[in-house]
There are 2 protein chains.
Amino acid sequence: MDAVIDAARALAGLTLPELAERGGLSMPPSLSRSKGFIGQAVERALGLEPKSGPGPDLPGLEIKTLPVELIQKMPRSVESTFVCTVQRDRLDVSWAVSAPRSKLARVLFVPIEARGAPHVRRVGAAFVWTPSDDDDARLAADWESITGQLLLHGHERITARLGTIMQVRPKAASAASRALSRDETGALSRALPRAFYLRRAFTTELLARTGLR
Amino acid sequence: MDAVIDAARALAGLTLPELAERGGLSMPPSLSRSKGFIGQAVERALGLEPKSGPGPDLPGLEIKTLPVELIQKMPRSVESTFVCTVQRDRLDVSWAVSAPRSKLARVLFVPIEARGAPHVRRVGAAFVWTPSDDDDARLAADWESITGQLLLHGHERITARLGTIMQVRPKAASAASRALSRDETGALSRALPRAFYLRRAFTTELLARTGLR
DNA sequence: ACGGATCCATCATTGGATCCAG
DNA sequence: CTGGATCCAATGATGGATCCGT
C-alpha cells in the first residue's frame, strides 16, 4: 500500500481533466452537482476498484480528497471532511473501538485546489496522517461529548456545534430523508441520517503541520 | 379496495399488449427475461403505485398474477406462486403471527394465459381467495415442518420437497448470492436468500374451486 | 463561516415472478 | 415435472463529498 502512497504523490500537478483521464473518467458537466466526482477520480487514478462493501479503501489506509485554497501562500482547507455515518446502536462503545477511530487510524489526504475552472485546478502533494497522541485525545473528547448528547437527547436534538475538531452533521439526500435504524433502547425507528466530520480548522492544521516537516 | 377487485375483473379478456397499455407500459422485448413484467403491468393497470416499502399491495389485499393453461377445458396453474422471503430470525414465531400467513390472508389472483405469443395471451377472470379453515390448517402444518427443519439444520440443508402446499426455494440473482441476515442463534451471517412459495398443485386446486362456485 | 441541506454513483435488497436441466 | 437457478425494476443504503442561506 506504500505503492498507493507513491502513486498518489505522483498525481501532484495534474489538472482535474488530467486526473479524470488517469482514472478513465470523463469530466461531468457540473462539478457542483457531481460532488463526489473528484474523490472517485482519485481512487480510479490510483487503480482502486469502486468499493466493494464496508471497510477501508485499502486495508489500513483511508483515502480522502481535501479541497484547499491558498491564502497568502498558506494552504487552508475549505470544507469539512466526511468520516463515517453515525450508527445509532453503536454509540455506547468506547472511543478505542469506535468506527470513527478505525476510519481515522491512517489517512491519505490528497489536497485539491478548490477554486477556479476545472482546467486550472490542480492536485497537490498527498500526505499521510496518523493521529498523534494529542490528536487522539482531542478526538476521544469529542466522541465522548457527542455520543453523550446523542444518548441523552436522541438524534433529533444533536447540533454540529458540538465537538472541537470532530462534529456530527446530516448526511442525506434531503432533510426529509429517514433511514431505518435501531435506537439507544434497541427499538427500530426512522431518523435523519447523520455522520461524523472533521472540522475545517482541524484539517487546515494538518496542512500546516505537513508544510513544517 | 372492492373497487380494485372490480377493476381487476374488468381486465378479463385483454391481451398482454392491451394490458401493458392500460398500465402505461410498453411490452419488453422478451417476456422470458422480464419475468416480473406481467405482475407489474397488472398493478399499474389497477392504478397502484409501484410499491412503497414492505406491506401488502393494498391494506388487507395481496395481488398475484397466476399463469394458467387450459387442459381439456380445465385451468391448470403452470408455476408456483411466490409468497414472501424467509426471515431467518423470524422462524420461531407461531404460524398465527407469521409473515406468510399475513401475506395469504386475502389474495386477489389474476389468471393469465401462460402459452402462446403475447398478443394471443389473455387476462382471465380475477378471483379472491381467503384461506378456508382447512387451507389454513394445511399451511400451518407446512409452516411447522419447514421452520422445524430450518431451525434444526439451518438454511443450507433445506429442500423444496418439504411441505404439501407451501414450500421453500431459493430467491436470488444466482446461486452465488449471499444476503446478510441474522441466524437462529442471533449471529450475523450470510446465506443464499430463500422464499416461501405456494405449490402449483395447490393454486390449480384454487382455480378448480373457483370454477365450481 | 459554518451548520444544516443536498447531490451523484454504486451496490444491496426487495418484490414482481418465470426459466430450465435432469 | 419440479427443485434449484435465475431475470428485471425499483427502492434503500452507503460512500464519494460540496453547496448555500443566514
Side-chain angles (χ1 to χ4, degrees), chain A residues 25 28 30-44 49-55 57 62-67 78-85 103 112 114 158-162 167-181 192-195 197 199-201, chain B residues 25 28 30-44 49-55 57 62-67 78-85 103 112 114 158-162 167-181 192-195 197 199-201:
Chain A
L25 301 176
S30 162
L31 282 174
S32 304
R33 300 181 62 85
S34 297
K35 297 183 180 177
F37 178 80
I38 299 175
Q40 286 151 8
V42 167
E43 294 186 349
R44 298 286 296 265
E49 292 301 319
K51 30 172 298 33
S52 45
D57 304 311
E62 181 70 22
I63 302 175
K64 296 287 179 192
T65 58
L66 191 57
V78 310
E79 286 290 353
S80 56
T81 299
F82 168 70
V83 178
C84 63
T85 55
K103 281 284 186 183
I112 309 281
I158 191 70
T159 171
R161 294 180 178 81
L162 221 51
Q167 64 183 165
V168 164
R169 298 218 309 286
K171 176 79 163 76
S174 89
S177 301
R178 290 294 179 275
L180 194 61
S181 63
L192 178 64
R194 295 171 193 272
Y197 292 81
R199 288 182 180 275
R200 288 174 60 175
Chain B
L25 301 176
S30 161
L31 283 175
S32 303
R33 298 180 65 83
S34 298
K35 297 183 181 178
F37 178 79
I38 300 176
Q40 285 152 8
V42 167
E43 293 186 349
R44 298 287 296 265
E49 292 302 318
K51 28 169 297 46
S52 44
D57 303 312
E62 182 69 22
I63 302 175
K64 295 289 181 191
T65 58
L66 191 57
V78 309
E79 285 290 352
S80 56
T81 300
F82 168 70
V83 178
C84 63
T85 54
K103 281 283 187 184
I112 308 280
I158 191 69
T159 171
R161 293 180 178 81
L162 221 50
Q167 63 183 165
V168 162
R169 298 217 310 285
K171 176 79 162 77
S174 89
S177 301
R178 289 294 178 274
L180 194 60
S181 63
L192 178 64
R194 296 172 194 272
Y197 292 82
R199 287 183 180 276
R200 287 174 62 174

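Everything numeric in this text was worked out from a predicted model, so none of it was measured. Letters go in sequence order (proteins before strands), and every chain restarts at 1.
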Exercise. May I ask you to verify if any side-chain N or O of Lys35(B) is less than 4.0 angstrom from the OP1 or OP2 atom of dC19(C)?
Key: no
Quiz item: Among pairs that include at least one residue of residues 33-42 of chain A, which meet side chain to side chain donor-acceptor pair (under 3.5 Å), considering only residues two or more places apart or in two chains?
Solution: none
Quiz item: When we call it a touch if two heavy atoms are under 4.0 Å apart, what does Gly39(B) touch: a base, just sugar-phosphate, or nothing?
Solution: sugar-phosphate
Practice problem: Before giving the answer on side chain to side chain contact (heavy atoms under 4.5 Å, CB included), spell out for Thr81(A) and Leu66(A) the whole-Å C-alpha distance, their side-chain angles and the decisive distance to 0.1 Å. | Solution: CA-CA 7 Å; Thr81(A) 299; Leu66(A) 191 57; 3.7 Å; yes
Practice problem: Quick one: list whatever passes salt bridge (Lys or Arg N to Asp or Glu O under 4.0 Å) with Arg199(B), sequence neighbours left out. | Solution: none
Self-check item: Value in whole Å for how far the C1' atom of dG15(D) lies from CD of Glu62(A)
Solution: 9 Å
Practice problem: Not counting sequence neighbours, which residues clear side-chain hydrogen bond (donor to acceptor under 3.5 Å, both in side chains) with Ser80(A)? List them please. | Solution: Arg169(A)
Exercise. Determine the contact category for Arg199(A): base if any of its heavy atoms lies under 4.0 Å from a base atom, sugar-phosphate if only primed atoms, P, OP1 or OP2 are that close, otherwise nothing.
Key: sugar-phosphate
Quiz item: In whole Å, what is the span from the OH atom of Tyr197(B) to the P atom of dT18(C)?
Solution: 11 Å
Quiz item: Starting at CZ of Arg200(A) and ending at C1' of dG3(C), how long is that distance when rounded to a whole Å?
Solution: 12 Å
Quiz item: Which part of the nucleic acid, if any, lies within reach of Pro28(B) when heavy atoms closer than 4.0 Å are counted: base, sugar-phosphate only, or nothing?
Solution: nothing
Practice problem: Quick one: label Ile38(B) by what it contacts on the DNA or RNA (base, sugar-phosphate, nothing), any heavy atom closer than 4.0 Å. | Solution: nothing
Quiz item: Donor-acceptor pair under 3.5 Å: do we get one between Arg161(A)'s side chain and the base of dG3(C)?
Solution: no
Quiz item: So, is Thr159(A) close to the dG4(C) phosphate, meaning a side-chain N or O under 4.0 Å from OP1 or OP2?
Solution: yes
Quiz item: Which ones in residues 171-178 of chain A lie close to DNA chain C, meaning a heavy atom under 4.0 Å from one of its atoms?
Solution: Lys171(A), Ala172(A), Ala173(A), Ser174(A), Ala175(A)
Quiz item: Within this structure, what is the CG-to-P distance between Leu25(A) and dT10(C), rounded to whole angstrom?
Solution: 9 Å
Practice problem: Check whether any side-chain N or O of Gln167(A) sits under 4.0 Å from OP1 or OP2 of dG3(C), and answer yes or no. | Solution: yes
Quiz item: If you look at every strand shown and take non-hydrogen atoms under 4.0 Å, does Thr81(A) touch a base, only sugar-phosphate, or nothing?
Solution: nothing
Exercise. For Lys171(A), check salt bridge (Lys or Arg N to Asp or Glu O under 4.0 Å) against everything at least two apart and list the hits.
Key: none
Exercise. For Arg44(B) and dA9(D), give me the distance from atom CZ to atom C1', rounded to whole Å.
Key: 11 Å
Quiz item: So which one's nearest nucleotide on DNA chain C is more toward 5', Ala179(B) or Arg194(A)?
Solution: Arg194(A)
Report all interatomic pairs (protein N or O, nucleotide N or O of nucleotides 20-22 of chain D) with separations under 3.5 Å.
none

Quiz item: Does Ile158(B) offer a backbone N or O that forms a donor-acceptor pair with the side chain of Arg161(B) under 3.5 Å?
Solution: no
Practice problem: Give the C-alpha distance, both sets of side-chain angles, the deciding distance and a yes or no for side chain to side chain contact (heavy atoms under 4.5 Å, CB included) between Arg178(B) and Leu192(B). | Solution: CA-CA 5 Å; Arg178(B) 289 294 178 274; Leu192(B) 178 64; 3.6 Å; yes
Exercise. Check the distance between dC19(C)'s P and Phe82(B)'s CZ and give it to me in whole angstrom.
Key: 17 Å
Quiz item: Within the pair Arg169(A) and dG4(C), is there a side-chain N or O less than 4.0 Å away from OP1 or OP2?
Solution: no
Practice problem: Whole angstrom is fine here: how far is it from CG in Leu66(A) over to C1' in dA17(D)? | Solution: 12 Å
Quiz prompt | Listed partners of Ser181(B) passing side-chain hydrogen bond (donor to acceptor under 3.5 Å, both in side chains), at least two apart | solution = Arg88(B)
Exercise. Starting at atom CD of Glu43(B), determine the distance to atom C1' of dT11(D), rounded to an integer number of angstrom.
Key: 14 Å
Quiz prompt | Sequence-distant partners of Ser177(A), side-chain hydrogen bond (donor to acceptor under 3.5 Å, both in side chains), two or more places apart | solution = none
Self-check item: Sugar-phosphate, base or nothing in reach of Leu180(A), heavy atoms under 4.0 Å
Solution: sugar-phosphate
Quiz item: Which residues satisfy the salt bridge (Lys or Arg N to Asp or Glu O under 4.0 Å) test with Arg200(A), sequence neighbours excluded?
Solution: none
